[in-house]
Amino acid sequence: MPTIVSVDDSTVPGEGSSRLLLLVSSDNKHIVVEEDIMSRSRFISKQVEGFEATSQRHAILLPFSSFVLNKVIEYCSHYRGYYLLEDDPDAAPPGRSPVREWDQEFLDVDRNMLLRIIKAAHYLEIKSLVGSCARAIADMIRGKTTEEMREILGVENDFTPEEEHSPSSKCTG
Amino acid sequence: MPPEHPKIRIPDELWVKIISSLPPRDCRTLRGTCRTFNDVFTERAFSQLVCTSTASSLNGVCQCLESDLSEYVAEIQYRHWSATQHSIQDRARTPDVQSIFQSRKTIGAWFKRMASSFHATRKLQSLIFIFDPNLQSVPSLYEDRLALQNLTIKLLATFSSRLNLQNLSLVNILPIGGDELVVPAFLGVLAGLRYLTISMHLFDTSDGGHFHQTILPVILRHSVLLTSLTLTSTHDVGSEPGISLHDATLPELLSLELGHILFDERTGVEEFILRHSGSLQRLKLENCRSTRPAPSADLAQEPEQARSWVEIYRHLSGALGKLDELIVIEDGIRPMNVNGPARIFRYSIWDANVRQWVVSGGDRREVEEDSVALKEFQAMIMLKQSGL
């Protein structure tokens, strides 16, 4: 299970101390967000470093919709100021951490949305969110029959009848 | 909102992540849903199995090996490999080897069941055992671990003879059980290996003498096909007790990693490296120091025994210059040695990729000589990197 470790309030950067980033979604929505919030994304962090080298600020274009992007921002905002073990393996102090129940509710969305979020999290290199989505998707299909899994994942049976009955692709429900 | 059943493609590696949180039974079902899952993900997801010594993990891996999924398995990693989860009730008893083997029945039986399925795998080439390093100082934990280690090696020798085993890693093994490594069946396994890692769990620097002087040479003599050898240890070895690399020659060795193996003249480490300079492409030395016990509280005595980087450099520079990759890591003097009885001489605090050399030990004269040798060496590396 994912682990979180909270840091003292004193080490959380104060409101307004963070610079603003402009994120542009695939449906051309412009979203302004504090850099601190998005620092969990290694992709964004690397982009920002690139800006600093050229002392220019750019918009960051992202290949997914504002609907998905807002969801990711919501996630990052929720964990702002937290060390998540998967994202900060070096920074996180050792010790037991609470299970992230919040993630379960946050990811209580339909399959398509879940796939879009995991894809966006993968693109943005947010390991903790990828992990939570992967577990959520696995939970959706756990213990289901082949037919139910097809339904949930939206895949079609493209086996030939022979293949379907061969031992190497034998289905167990 | 999204339309009905659109095809949302996500990268295969994400599917592998999803599959990895599913039990084997659900994975099999998933394989049956469509061709993509069957063809791509099964192979990716099951090429590497990770097993820990908990009942659920052992059961999962056994099920996988006994099913048709076994044909995809190329590597099995045994992590935190330990007998203790199954033996809490036995720990109060006075351990003798026989009773430990009785109490090991559970995990021993699991592993035997698993190993007896090895022959059904077509691709299994790599076995990695990472024994649980957590032994504290409880005697029964130590005995448990030793018994499991011996059992593991014994079963390995029995059941992997029919495998085309190429890679074997034994991490955190206790030196005292080393004799199990030189039984004929196990030497047969060694003969086919291309990659071998032996990482010793020692309790102090006086531990492991028998292994390093007697067993290791036998192992190396039989591992004639090795292209990659890693020898590491939790404590410095090579001075007292020694390590014997004098006779070993591995004609195809491309990569050598040593950790906490001292460059003492008695070890033959330098000669070993020089002997392989024709084939070696990669050399990694981690905390390989030169050390000697201080004869008295007066550390200024007997400086002639110290081996400086200058000396090592002269000896090795020709061979090192041919390497494609050279990594040298020095953690610095560990706190336990700063005021302790042993004096550590830092002779090789460099790294082909790190330009800066920080000195935190050794006497001044030696350090100055070392820094000159280091500069020469760095210049050579830079020349090599610039392709001249």
Side-chain angles (χ1 to χ4, degrees), chain A residues 1-2 63-65 67-68 86 109-123 125-160 163-173, chain B residues 1-47 50 52 54 56-57 60 63-73 120-123 133-134:
Chain A
M1 289 305 285
F64 39 85
S65 70
F67 192 59
V68 175
E86 289 151 298
V109 293
D110 67 32
R111 172 255 305 169
N112 285 342
M113 190 60 191
L114 209 44
L115 292 176
R116 289 192 172 99
I117 296 172
I118 194 173
K119 206 171 163 181
H122 180 66
Y123 184 87
E125 298 175 61
I126 307 174
K127 283 189 184 167
S128 58
L129 183 54
V130 170
S132 288
C133 289
R135 284 183 289 272
I137 296 166
D139 285 344
M140 285 168 71
I141 57 177
R142 197 186 296 270
K144 296 289 194 294
T145 64
T146 311
E147 205 41 63
E148 285 168 335
M149 282 193 190
R150 283 189 192 125
E151 183 67 31
I152 292 163
L153 296 171
V155 295
E156 277 166 27
N157 181 4
D158 53 1
F159 289 117
T160 62
E163 279 174 330
E164 202 164 6
H165 293 102
S166 79
S168 71
S169 60
K170 193 176 173 191
C171 315
T172 55
Chain B
M1 285 306 289
E4 203 69 47
H5 279 156
K7 291 266 184 259
I8 298 170
R9 296 194 59 83
I10 66 172
D12 290 354
E13 56 201 280
L14 291 178
W15 281 116
V16 172
K17 274 202 162 61
I18 294 164
I19 290 171
S20 66
S21 16
L22 282 175
R25 183 189 146 92
D26 288 328
C27 291
R28 273 206 303 282
T29 315
L30 189 60
R31 282 176 67 203
T33 56
C34 70
R35 209 175 277 251
T36 319
F37 286 116
N38 193 46
D39 294 351
V40 185
F41 308 132
T42 313
E43 180 141 12
R44 289 252 214 130
F46 291 93
S47 65
V50 175
T52 60
T54 59
S56 62
S57 177
Q63 277 183 21
C64 182
L65 287 174
E66 286 161 7
S67 72
D68 51 329
L69 292 171
S70 68
E71 66 176 295
Y72 298 102
V73 178
T121 60
R122 280 193 302 122
K123 293 185 182 163
N134 181 23

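The structure presented is a predicted model; accordingly, all values stated were derived computationally and were not measured. In what follows, chains are A, B, ... by sequence order, proteins preceding strands, each numbered from 1.
Summarising the geometry, atom CH2 belonging to Trp15(B) is positioned 8.0 Å from atom CD1 belonging to Ile118(A); distances are rounded to the nearest 0.5 Å.
Of all heavy-atom pairs spanning Gly143(A) and Asp26(B), the tightest one is N-OD1, 2.9 Å. Shown here for Lys119(A) and Arg9(B), the closest heavy-atom pair between the two residues is NZ-O, 2.9 Å. A pairwise comparison of heavy atoms in Phe159(A) and Thr33(B) identifies CE1-C, 3.9 Å as the closest pair.
Partners of Glu66(B) under the side-chain hydrogen bond (donor to acceptor under 3.5 Å, both in side chains) rule, at least two apart in sequence or in another chain, are Arg113(B).
Paired with Leu30(B) under the rule side chain to side chain contact (heavy atoms under 4.5 Å, CB included), one option of Lys144(A), Met149(A), Arg150(A) passes, and it is Met149(A).
A donor-acceptor contact shorter than 3.5 Å is absent between the side chain of Lys17(B) and the backbone of Gly131(A).
Between Val155(A) and Arg35(B) there is no side-chain heavy-atom pair separated by less than 4.5 Å.
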